[in-house]
Amino acid sequence: MKPIRVLIAKPGLDGHDRGALIIAQALRDHGMEVIYTGLRQSALQIARAAVQEDVDVVGLSSLSGAHKSLFPKVVQALKDEQAEDIPVIGGGVIPAEDIPFLEQQGVKKIFTSGSPTDAIAIYIKQLFEGGTVQPPKKIAHIGIAVERIDDALPFYQHSLGLSLEAVEEVESEQVKVAFLALGETKLELLEPLSEDSPIQSFLSKKGPGVHHIALEVDDIQARLEQYKQQGVRLIHEQPKTGAHESQIAFLHPKAANGVLYEVCQPKE
């Protein structure tokens, strides 16, 4: 399979190219061929270079604050050159509130200044080697640690008016779980069954409260593989069996700013 060809460009009057050169080298380290157009390129120059060099993707870097104007111009210039099939990604000093606008204007993906260079390379590979992993489908449930389900349940049943669907013991986690329906998601009350339960450890350190957020995914194995490639810290590198015989795995909270996330794939 031929190497992926990436054009890295600095549109507009931005006079700093250190970040672009670092990204270019990181992509080369991942086996890609990289063409760097240099500083102060117009949208038309970038589009024509992409066509002439027969690249697979265009990466734009901007530190000037003009990305909301410049990035869409490059997307439009590629369309004008009949090369709209070349995806455009962008990075640099880009505020989070500008990302939705840029993606609506046709930029495929935005990587903010804190994004690891490996994440950029992995995303590009996924574009051309089987497609990107789909985002989580929904919040499957929110896990809430309690001392005793019987003591906590009246608030959820009678004060909130939620319906109790089932109670189940999950031997692998040494936990009893009460499932309460809430729209498309669920609340799960988690009671430890032994001193060895992770829930007991949580209660001892923090007391009752929100323990984790579970995200439903289609292919948990592919998801974990993606996280490992990106260097995301995991508690479980392989799925394990959870409640309702679903496949589950936990990300380390240090990977998500202190939030414990679970990914789960329901049993078909």
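Remember, predicted model here, so these are calculated numbers, not experimental data.
By the 4.0 Å N-to-carboxylate-O rule, Glu216 lies close enough to Lys137 to be salt-bridged with it.
More than 12 heavy atoms of other shown residues, nucleotides or ligands fall within 6.0 angstrom of atom CD in Glu97. Crowding of Lys254 atom NZ: a count of heavy atoms from other residues, nucleotides or ligands under 6.0 Å not exceeding 12. Within 6.0 Å of NZ on Lys240 lie more than 12 heavy atoms contributed by other residues, nucleotides or ligands.
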**OP:** Go through Asp56 and Val6 one step at a time and tell me if the side-chain contact (heavy atoms from CB on, under 4.5 Å) criterion holds.
**Re:** CA-CA 6 Å; Asp56 299 300; Val6 182; over 6 Å; no

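Between Leu21 and Ile8, every side-chain heavy-atom pair lies at or beyond the 4.5 Å cut-off. Proximity of Val88 to Lys108: side-chain heavy atoms (C-beta onward) are nowhere separated by under 4.5 Å. Looking at heavy atoms from C-beta onward, Gln174 lies in side-chain contact with Ser194 at the 4.5 angstrom threshold. Counting only heavy atoms from C-beta outward, the side chains of Leu162 and Gln157 never approach each other to under 4.5 Å.
Of all non-hydrogen atoms in Tyr36 and Ala20, the two that sit nearest each other are CE1-CB, 4.0 Å. Minimum interatomic distance between Pro87 and Phe128 (heavy atoms only, all atoms of both residues): CG-CZ, 4.0 Å.
Aromatic ring centres of His212 and Phe250 lie closer together than 6.0 Å. A centroid separation of less than 6.0 Å is found between the aromatic rings of Phe179 and His244.
Side-chain N/O atoms of His30 and Lys125 include a donor and acceptor closer than 3.5 Å. Side-chain contact, Gln76 with Asp80: a donor N or O sits under 3.5 Å from an acceptor N or O. Between the side chains of Gln221 and Gln238, at least one donor N or O lies within less than 3.5 Å of an accepting N or O.
When hydrophobic clusters are built by joining Ile, Leu, Val, Met, Phe, Trp and Tyr residues whose side-chain heavy atoms come closer than 4.5 Å, directly or via intermediates, Ile235 is not grouped with Val175. No continuous path of hydrophobic side-chain contacts links Ile248 to Ile199 [ILVMFWY only; heavy atoms under 4.5 Å]. Both Ile149 and Leu160 are assigned to one and the same hydrophobic cluster, defined by single-linkage of ILVMFWY side chains at heavy-atom distances under 4.5 Å. No chain of hydrophobic side-chain contacts below 4.5 Å, direct or via other Ile, Leu, Val, Met, Phe, Trp or Tyr residues, connects Val51 to Ile35.
In this structure a side-chain-to-backbone donor-acceptor pair under 3.5 Å is present from Ser172 to Thr241.
Residues passing the side-chain contact (heavy atoms from CB on, under 4.5 Å) test with Ala43 are Lys73, Val74, Ala77, sequence neighbours excluded.
To the nearest 0.5 Å, atoms CD1 (Ile89) and CD (Glu103) are separated by 12.0 Å.
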